Amino acid sequence: MSSKKMITANWKMYKTTSAAKAFFGAFLPLIQGRTHPEDQVVVCPGFPLLSVCAEAIRGSGVMLGAQDLFWEAEGAWTGEVSGEMLTSVGCTHVLIGHSERRQHFHETNHSVNKKLKAALQAGLHAIVCIGESLKERECDSTDWVLKRQYLEGFEGIEPGQMPRISIAYEPCWAIGTGRTATPQIAADAHAIIRAEMERSFGEEIAHNVEILYGGSVRPDNARALMSEEEIDGALVGGASLDPQSFAAIVNW
Ligand code: 13P
């Protein structure tokens with residue numbers, strides 16, 4: 001648990017290079033002298049926008065992340081992107097195992113694990129996404145699903161690597177639905193994940209891993225979520241596309 005939050009934008013498959021430039025032109029002035037200067041701000045645009053965004057955020061303190069990577073370092077893997085390619089364009093962060101990747105592109109805990117190791121190998125800070133579906137929540141499997149995603153996704157990770165990993169708890173039923181988890185639901189899920197990390201790595205290491213919440217975070221609910229001690233930040237989809245609304249979330 002950290003007193004400084006990590007506020008992360010996931011732009012998904014939105015924006016072109018010109019729209020990305022326009023976003024930062026409007027967004028950066030809005031977060032000058034921001035309410036919580038100690039918080040980290042990370043923006044994760046699509047691959048073709050990364051270089052343009054790296055240029056746009058230079059010197060602003062905003063950090064750049066990608067939305068995915070492949071686990072091999074290089075090779076004949078048409079269409080894939082390596083960790084080193086990401087660092088070479090200025091990425092410091094990468095999302096891994098987003099539920100949309102799991103749902104539409106058949107990513108599994110096993111592929112998440114390989115990608116996590118590749119990200120660390122490349123020197124990136126990994127944000128590993130986990131979360132239950134509506135069906136899983138309704139049949140009381142949330143606990144089990146989160147533990148399994150965590151245990152399989154983090155297999156073979158060394159204690160010394162944990163400071164370079166964050167977790168994003170994103171319940172699938174809250175993504176893009178306007179239905180946000182209450183701060184209490186999110187905090188309870190975070191506590192389940194943290195308890196499992198404590199079992200693997202001990203209290204001190206587990207305590208310092210940021211667990212972000214994602215799923216319909218908006219300017220009007222950001223403060224309630226960020227005020228929860230167990231919630232170390234936000235992973236914001238839709239509301240991160242607009243400079244005013246993302247700035248309002250950053251200034252929670
Ligand atoms: P929304 O904020 O649009 O619900 O998306 C959440 C998300 O998937 C962030 O990764």
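These numbers were taken from a predicted model, which means no experiment stands behind them. Atoms within a ligand are numbered from 1 in the order they appear, just like the ligands themselves. Residues take their numbers from the sequence shown, with the count starting at 1.
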TODO: From the options Ala234, Gly176, Cys129, select the one whose nearest heavy atom is closest to atom 1 (P) of ligand 1.
DONE: Gly176
Identify, by atom number and element, the atoms of ligand 1 in contact range of [X], meaning under 4.0 Å from any of its heavy atoms.
| X | result |
| --- | --- |
| Glu170 | 6 (C), 7 (C), 8 (O), 9 (C), 10 (O) |
| Ala174 | 4 (O) |
| Gly215 | 4 (O), 6 (C) |

Open item on the list: Under a plain distance cut-off of 3.5 Å, with no hydrogens placed, do Tyr169 and Glu132 share a side-chain donor-acceptor pair?
Closed with: yes
Task: Donor-acceptor side-chain pairing of Ser141 and Glu136 below 3.5 angstrom - done: no
Open item on the list: So that I can tick it off, tell me whether Lys115 and Glu107 are bridged by a salt bridge, with the cut-off set at under 4.0 angstrom between side-chain N and carboxylate O.
Closed with: yes
Examine [X] against ligand 1 and note whether any of their N/O atoms are separated by less than 3.5 Å.
| X | value |
| --- | --- |
| Ala239 | no |
| Leu235 | no |
| Ser216 | yes |

Task: Those residues that, when tested against Arg218, pass side chain to side chain donor-acceptor pair (under 3.5 Å) (two or more places apart) - done: Asp220
- [ ] Tell me which part of Asn10 gets within contact of ligand 1: side chain, backbone, both or neither, using heavy atoms under 4.0 Å.
- [x] side chain
Open item on the list: So Val43 and Cys53, do their side chains get closer than 4.5 Å, heavy atoms only?
Closed with: no
Open item on the list: Tell me whether the rings of Phe70 and Trp77 are parallel (<30°), tilted (30 to 60°) or perpendicular (>60°).
Closed with: tilted
Task: Any Lys12 heavy atom less than 4.0 Å to ligand 1 - done: yes
TODO: Among all protein heavy atoms, pick the one closest to atom 3 (O) of ligand 1 and tell me residue, atom and distance.
DONE: Gly238 N, 2.8 Å
Task: Nearest protein heavy atom with distance in Å, relative to atom 2 (O) of ligand 1 - done: Gly237 N, 2.9 Å
Open item on the list: Consider side-chain contact (heavy atoms from CB on, under 4.5 Å). Of Ile96, Asn109, Ile167, Val112, which one does Ile130 pass it with?
Closed with: Ile167
TODO: Determine whether more than 12 heavy atoms belonging to other residues, nucleotides or ligands lie under 6.0 Å from atom CD of Glu74.
DONE: no
